[in-house]
2 protein chains.
Amino acid sequence: MAKRSDTQGRLDDAARAGWLYYVAGRTQDEIAAAMSISRQSAQRLVSLAVAERLIKVRLDHPIAACLELAEALRKKYDLKHVEVVPSDPAGSSSTVGIAEAGAAEIERWLKRPDPIVIAVGTGRTLKAAVDQLPPMECPQHRIVSLTGNIGPDGSAAFYNVIFSMADAIKARHFPMPLPVLCSSAEERETLHDQALVRSTLELGAQADVTFVGIGELGPDGPLCVDGFLGKEEMQKLVREGAAGEICGWVYDNQGKLLANSINDRVASVPIPSRETSSVIGLALGRKKFQAISAALKGNIINGVITDEATAEQLLGR
Amino acid sequence: MAKRSDTQGRLDDAARAGWLYYVAGRTQDEIAAAMSISRQSAQRLVSLAVAERLIKVRLDHPIAACLELAEALRKKYDLKHVEVVPSDPAGSSSTVGIAEAGAAEIERWLKRPDPIVIAVGTGRTLKAAVDQLPPMECPQHRIVSLTGNIGPDGSAAFYNVIFSMADAIKARHFPMPLPVLCSSAEERETLHDQALVRSTLELGAQADVTFVGIGELGPDGPLCVDGFLGKEEMQKLVREGAAGEICGWVYDNQGKLLANSINDRVASVPIPSRETSSVIGLALGRKKFQAISAALKGNIINGVITDEATAEQLLGR
DNA sequence: TTTGCTCATGGGCAATTACTCGTTAAACGG
DNA sequence: CCGTTTAACGAGTAATTGCCCATGAGCAAA
């Protein structure tokens with residue numbers, strides 16, 4: 001073994017040790033014995049092989065791509081939590097996979113023994129996720145709704161998810177006995193001054209984790225479809241640069257809340273602090289791309305659950 | 001997380017855990033926390049991902065192919081030690097690489113602090129390996145030659161390697177003061193009865209490790225070239241099914257020693273037990289393929305150092 | 001030749017991981 | 001519906017691995 005101090009020889013040894021360790025599955029002790037070096041040296045060679053990128057690991061499973069996309073998204077937007085689910089090739093439903101994944105994440109939070117406050121927004125996607133929740137007993141937690149549960153016509157809004165959720169998991173729940181949009185900023189002030197509403201507002205601010213849907217704008221967006229906004233108002237919003245909405249809060253394509261008459265009238269609880277809690281958006285699909293992208297850019301949310309295709313769009317791939 | 005008992009979901013989890021562990025480099029504790037499972041379960045998932053071949057490791061280094069060939073050879077012939085060196089594309093010399101690798105392996109044994117007995121055969125390949133040995137101080141070991149050092153013309157044989165080796169490593173050495181071939185079986189008995197020879201024979205039987213060259217037969221094989229056998233005798237041997245020789249012991253293509261007049265006259269020490277010691281053959285090249293293959297099949301050697309091309313031949317690739 | 005620097009080495013120790021065992025829960029078959 | 005079988009789980013423990021540090025060899029500049 002004439003000269004082993006040269007770099008090439010050392011890399012050869014590193015490759016050999018790395019191969020024995022990762023491919024052949026030997027222990028570092030065995031490698032050390034086989035190469036007549038100390039175990040510590042074997043360990044150094046293995047870690048050198050890793051550091052020099054000689055060994056490459058890949059995951060042969062559909063989920064692998066998702067995890068990579070998730071990691072890329074997490075880095076790009078500095079997120080606390082990202083989940084990317086495989087895209088349904090048929091791609092018809094907007095809740096395939098994401099609902100299960102969202103439910104799984106909600107369930108992870110619910111499993112915690114220490115009491116937490118979970119805030120939820122509204123929307124079809126979130127509803128689908130909550131519908132996937134298994135029956136549980138979580139009396140230690142509290143669920144608070146960020147949005148009002150009174151529809152534009154006075155009836156209960158369909159996609160207010162808090163009741164389904166509370167039903168499934170047996171937790172104390174705090175709905176917002178309000179409409180989604182008030183008629184004016186003054187009315188909102190009055191309504192928010194009510195004792196019941198005020199405590200809900202305070203609870204919302206304490207949320208440990210928040211799950212929200214992300215709504216796109218335009219005549220087919222949920223705000224219009226569910227009758228909260230007329231088409232004219234919607235067109236005006238879009239002209240003013242609105243890109244999406246979360247719990248009724250409308251933001252532009254940089255994720256900045258618009259300073260306009262709509263946001264002055266939104267009765268929802270302010271979205272909990274992204275500094276102290278996780279705010280996780282559930283959304284996928286080409287139609288919602290702009291809304292998701294803007295929400296991420298503006299740090300309105302610091303977590304996202306989406307699908308492969310949308311994740312790739314968000315990464316500009 | 002509706003159903004997690006199904007195999008698909010479990011594999012997904014395994015993939016996720018495997019990805020987090022191997023790609024993201026998280027610890028199993030972190031994975032367990034992230035997936036809301038116990039650390040033991042995380043470990044099970046990671047090991048499941050490995051068992052199910054979900055994670056694949058690849059080594060980007062020329063030596064990887066050699067290591068794979070070595071592992072395959074080791075399994076095919078149940079060998080104790082295999083080393084495969086990259087083939088020299090020019091392929092002219094029969095000692096390129098193999099000499100260095102052989103020297104490295106000899107050196108590994110020499111580095112051992114506990115006293116061992118090293119037996120050596122003869123041949124050009126082995127000589128080249130020994131010439132690569134760095135100066136060492138190994139007074140604790142003993143080297144014994146398996147073959148005589150007297151050539152057919154009464155001079156010292158060229159490729160008896162024990163003197164070069166002893167010179168380089170300063171160890172006690174035990175040459176065989178004999179020819180390679182005796183004139184008859186009776187002469188061999190007489191010679192082996194000498195006190196000096198007898199102790200060498202006994203020492204050879206105790207060898208902890210043996211390094212031998214592998215000779216091909218035919219008019220260009222070492223036995224003929226070095227003048228130990230005439231062409232007529234060689235032709236007779238080949239007709240009788242001889243496929244190769246190690247230390248003068250001639251065997252057929254199944255690695256069985258031939259029961260003929262040549263083996264009765266070979267003065268060499270019997271090849272040490274493959275049950276209790278390592279017998280490592282050094283050889284490469286198309287010409288020696290048959291000899292190597294037969295030696296491996298017949299378990300005459302239980303270790304081999306060769307090159308990529310020869311290894312592929314041996315594996316029938 | 002001496003001095004100072006760098007780097008590989010091996011010992012020791014703490015962290016991490018793998019395995020075994022007894023228990024529990026779920027699936028299966030009668 | 002009940003007993004059997006299988007698989008998964010958690011706890012505990014042994015094995016393995018990662019990392020820090022003191023040491024000494026190799027080497028270049030003084």
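A note on names: the letters A, B, ... follow the listed sequences, proteins ahead of strands, and every chain is numbered from 1.
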Between the protein and nucleotides 17-21 of chain C, are there any N/O to N/O pairs under 3.5 Å, and if so, what are the atom names and distances?
unit_1 : atom_1 : unit_2 : atom_2 : d
C:dT17 : OP1    : B:Y21  : OH     : 3.3
C:dT17 : OP2    : B:Q28  : N      : 2.9
C:dA18 : OP2    : B:Q28  : NE2    : 2.6
C:dA18 : OP2    : B:Q43  : NE2    : 3.1
C:dA18 : N6     : B:R39  : NH2    : 3.3

Just N and O in the side chain of A:S38: are any of them under 4.0 Å from OP1 or OP2 of C:dT9? no
Without decimals, in angstroms, what is the distance between A:D13 CG and C:dC7 P? 18 Å
Nucleotide D:dA8, atom C1' - distance to CG of B:L11 in whole Å: 15 Å
Rounded at 0.5 Å granularity, tell me how far CD in A:E100 sits from CG in B:D12. 11.5 Å
Looking only at heavy atoms, the pair that brings A:D307 and A:V84 closest together is C-CG1, 3.5 Å
Rounded to whole Å, how long is the line connecting atom CG of B:L45 with atom P of D:dA7? 16 Å
Over how many whole Å does the gap from B:E30 atom CD to C:dA15 atom P extend? 14 Å
Can B:R317 and B:E68 be said to form a salt bridge (charged side-chain N to carboxylate O under 4.0 Å, His left out), step by step? CA-CA 13 Å; B:R317 293 182 184 171; B:E68 278 164 31; over 6 Å; no
The single option from B:L110, B:V144, B:D208, B:T210 that satisfies side-chain contact (heavy atoms from CB on, under 4.5 Å) with B:I118 is B:L110
Applying side-chain hydrogen bond (donor to acceptor under 3.5 Å, both in side chains), run through B:D167 and B:H173 and close with a yes or a no. CA-CA 9 Å; B:D167 211 36; B:H173 50 294; over 6 Å; no
CD1 of B:I280 to CG of B:N302, rounded to nearest 0.5 Å, is 7.5 Å
